[in-house]
Amino acid sequence: MERQDHDSPSAQVDIEVTINGERFRNRVPARLLLSDFIRDVAGLTGTHVGCEHGVCGACTVIVDGDAARSCSLLAVQVDGCTIRTVEDLATDGGLCPMQQAFHENLALQCGFCTPGFLMTLESVDPQDFADADDLFALLSGHLCRCTGYQNIIKAVASVWNEAIEPHGGRFQS
Amino acid sequence: MAVEEIPQISPIIRHRTSHLGRAVPRREDRSALLGQSQYVADIRLPGMVEVAFVRSGEPHALIRSIDTSPAEQIEGVVKVVTAHDLDGVEQFPHFIEYNQPVDQFPLARDRVRYVGSPYAAVVAMDRYVAEDAVNLVAAATDFEPLPTVTTIDQALAEDAPLLYEGWPDNRLTTALIENPAVDRAFEEADHTFSETYTSQRQTGLPIETRGVVAALREGQLTVWTSNQSPHIARTTIALVLGVPEPEVRVIAPAMGGGFGPKCHVYPEEIVVPWLAMTLNRPVRWVEDRAEHLVSSVHARDQRHDVEIAYDDDGTIRGIRVHSIGNVGSGEIFMPGTAPTFVTGGSISGAYELPNIEIQTTCVVTNKTPSGAYRGFGIPEAALVRERIIDRVALLTGVDRVELRRRLVLREDQLPFRMPAGGIVDSGSHARSFERGLEMAEPLLTDARERYADDPDVRVGIGYANYVEPTAPTYHLTTGFWAGYDSATLRVDGDGKARVSLGLAAIGQGAETTAASVVAEALSLQPSDVTVVMGDTERSPYGLGAWGSRGAIVMSGSILMAADRLLEKARRIAAHMLEAGDEDIVQDVVLRDGFFFVEEDPDQRVGWPEVATAAWARTVDLPEGMEPGLESSGYYDPSDLEHTADEAGRLNAAATWANGTHIAIVSVRLSTGEIKIEDYVVVHDCGRMLHPGLVEGQVHGGVAQGIAGSLYEHLQYDSDTARPQFASFLEYLVPTCAEIPKLTLDHFESYAPHMPLGVKGAGEGGTIGGPAAITGAVSDALAEFGVFVTATPITPVTIRAALRPTGSGEAS
Ligand code: FES
Ligand code: FES
């Protein structure tokens, strides 16, 4: 990373980031949020911004394997990182199993919160979840104003119950 | 489904199957799931610049001067404008006669009246630079602070500072409907009782904030805006900017939730287009959340002073309600007065409560203007009504359920004229209540058992029965628009249909439903139907998505358009079947996409042949017939009234849905923690076009009702009128951990006068929450003499009420 005077609002930094398998090398303002980098520089507008202060979860992406709030990171902080966004979930133009489950269970209405939920779910291993309370804890970092969460939980249960069948389908509701 | 079960579908149609009432997959989902939906913030145009607004940090002040020059020096700043730069821009129109006129310019001119009031705008190359400049403008503004008004009592005080010069006081509006029967009831009743109920300030809070993009394209001003009523926005923008309406195009792209706040036309929807015209380049503004919390309308800030006249046997003889809405500064188009009137009109709900006197007052204060939020005054009315019933039960010793059973509307009473004028044409009020009780009983037993060994926990149950006015008049709200909506329907040469609607899609699945209704009406498959919404250039004028009207007005206008189109298609088909003489035309029917005569079903023509004759091979048309296969329907619900009679009564909605909410809560005495253990909903919105979508509306609505009962509160410092919230850390939106699994059931009481028998479903979910939950918490704590009279109920209010010195009123 090329170091410059980061105190000035106009300070620029060179970064290199891989997003959904594509390499981006850009000179960006030091203060540019990762969410703005993804949306404005990389042009991937599936990552949404609902609060810009780290609460609503709409901006969630996966950074080096872990879910992260892109509104609460600077682009310069992910220099050298590999990022996945919602645009990376579908396989050959088809919906991934969780997307399909959201569709079938009416787990989205306006869809604004949906990419964030999907990325958090994508980042974890269902085997690590002992019961529904663990799932609530995981998803309680996401706000949805439309669904009252009912069908989101149903959708996740429909996918995860299969994944964790050895433990006995605990999310069945 | 047989044809006779589908009221008001054209008799030409002979059905085998119905697309209605089925779980048709949502057509909106794919792009949303793939991250490809285009919301306003996703729009990028070549040469686009960004706007940020300078908002008042003062609750009430005169603007002495604004020095824009320091901001203009910043590299990347394109322009800084204040109110006095807005050449040719008018103030927002005054349409509502019953209100004091509020002169609202898109940017505050010489005086600000709430924290968040926009008074200048900065255009810059990017949002970061624009915000730098905003800080400089704010620092270079010289305010002269004025005394502030925060609460209703402060606003109504004799010596209150006035927000508007020339007004006699801070009353934006006031109305009293006198009722001599109520006076008699109070004279004759065994007892009277007075109490005050309050509902706190909240907001609809779509997860997508507002946003506006504007550009001049081929001489036309195009405005993309996250607005629930694009046509109304267009009319207003043209009026305020002084631009001919045909030269304005408004597009409401994918919307990340509406919930009411996006019904209004805001200053930014004027200033951003003005900047695009002035700079002759595309301009974008995306609201951030901190801005949203002070600049998008608030709601539900109401107090109700109630007097009840009742007899020893629990008979409620009469009720006097003075509903006072704290509507903030009032600087919003349309003004925020209507919800308080709707509260007054909704007090009786699903009950026979004949003698009600309603006084309504709206006061202005130095808070953010209030306006629409899902429920629009009705959840507040439900709170008042159900608290009254629980109070009378407590005073007389009559059981709460028994008292409700006496009052709830029975089918033999329908149609029922409510005291405020609403005509409840159909419904399952008593049946819903009984069904709800039946569903709640085992849940209550379970909840009690769960906590049987925990002496620190009490369990309680609370009830609400409501009616929901659906497809209401907009005249009371706007003083201008009324109640219709529209559809234009076309069948193209390949036999596929396109429908354009005056409605806008706000994320509730309206496109999916519209395609099903068109498919039903034209005997096509939903996949044969393209739906266009939310673009004033591509759809006929309509009033938009609010008031739980979508399903009704969409069905009505589509069926009208379809009837006209089918009439013509049938004549073309008859001609092609060489059944050209008039008698035989009447025998042509349509089934599974084919036109034929019942006696000879093998001889048939399909939509592609008929439509091709209409558009291209016009030589195949009957002689003299005008080409084309397109028609429009402007549906204006016939039973809907827009102005009150002499007694102040009006049937303000096209039809009335109903429902029952029952909440089961636990309260932990040591901490005051409240948990919703179970929540039962019985919902009746007439015929359900898509049960899954209806359920989704109920789910989301209930979550908002719970939110308003326990969590969400836009608090102001009552001495300074300063907001005590700036983020989701202060404004607590419930997550999946706070919303319990809901227990739902439905009835379908078809609306006798509505197309397809539908009623609206958008708001019912929000209505019962505060009423049922305050009732449940009061029940849980009854042994301590606690009777909840206000929302939100929090651990703090619970602990205060439980303190030995406490009054027993949790408020
Ligand atoms: S936008 Fe990042 S958490 Fe809300
Ligand atoms: S679907 Fe609209 S916010 Fe979740």
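Residue numbers start from 1 in every chain, and the chains themselves are labelled A, B, ... in the order their sequence lines are given, proteins ahead of strands.
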Counting only heavy atoms closer than 4.5 Å, note whether [X] contacts chain A via side chain, backbone, both or neither.
X	result
B:Ile706	neither
B:Glu208	both
B:Gln697	both
B:Val733	both
B:Val286	neither
B:Arg26	both
B:Tyr39	side chain

* Residue-level contacts of residues 101-110 of chain A with chain B, using a heavy-atom cutoff under 4.5 Å ->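 A:Phe102, A:His103, A:Leu106, A:Leu108, A:Gln109, A:Cys110 fall under the 4.5 Å cut-off.
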Could you check whether [X] pairs with [Y] (Lys NZ or Arg NE/NH1/NH2 to Asp/Glu carboxylate O, under 4.0 Å)?
X	Y	value
B:Glu677	B:Arg450	yes
B:Arg374	B:Glu763	no
A:Asp64	A:Arg84	no
B:Asp678	B:Lys741	no
B:Glu511	B:Arg27	no

* **Pairs flagged by ring-ring contact (aromatic ring centres under 6.0 Å, His included) wherever residues 690-712 of chain B is involved - sequence neighbours left out** => none
* Asked: Please, which pairs that meet ring-ring contact (aromatic ring centres under 6.0 Å, His included) have at least one residue in residues 22-43 of chain A, sequence neighbours excluded?
  -> none
Among [options], who wins on heavy-atom pairs under 4.5 Å with chain A?
options	result
B:Gln36, B:Arg44, B:Gln508, B:Gln38	B:Arg44
B:Ala23, B:Gly35, B:Ala32	B:Gly35
B:Ser37, B:Gly765, B:Pro734	B:Pro734
B:Ile739, B:Asp288, B:Leu742, B:Leu693	B:Leu742
B:Ile207, B:Val702, B:Val698	B:Ile207

Does the side chain of [X] pick up a donor-acceptor pair with the side chain of [Y] at under 3.5 Å?
X	Y	value
B:Tyr731	B:Glu712	yes
B:Ser296	B:Glu287	yes
A:His142	A:Thr120	yes
B:Thr735	B:Glu738	yes
B:Glu28	B:Thr512	yes
A:Thr82	A:Thr18	no

Below 4.5 Å from any heavy atom of chain B, which atoms of [X] appear? Answer side chain, backbone, both or neither.
X	value
A:Ile152	neither
A:Glu52	side chain
A:Leu118	side chain
A:Leu44	neither
A:Ser140	both
A:Phe112	both

* **Set of salt bridge (charged side-chain N to carboxylate O under 4.0 Å, His left out) partners for B:Glu131, sequence neighbours left out** => B:Arg127
* Is there a donor-acceptor pair under 3.5 Å between the side chain of A:Gln77 and the backbone N or O of A:Leu74? ->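 Confirmed, A:Gln77 side chain pairs with A:Leu74 backbone.
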* To do: Keeping the roles fixed (side chain from A:Arg145, backbone from A:Leu143), state whether a donor-acceptor pair exists under 3.5 Å.
  => no
* Winner by heavy-atom pair count (cut-off under 4.5 Å) against chain B, out of A:Cys144, A:Gly46, A:Gly50 ->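 Ranked by contacts with chain B, first place is A:Gly50.
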* Counting heavy-atom pairs under 4.5 Å to chain B, which of A:Leu33, A:Asp88, A:Asp40, A:Thr85 comes out on top? ->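 The answer is A:Asp40.
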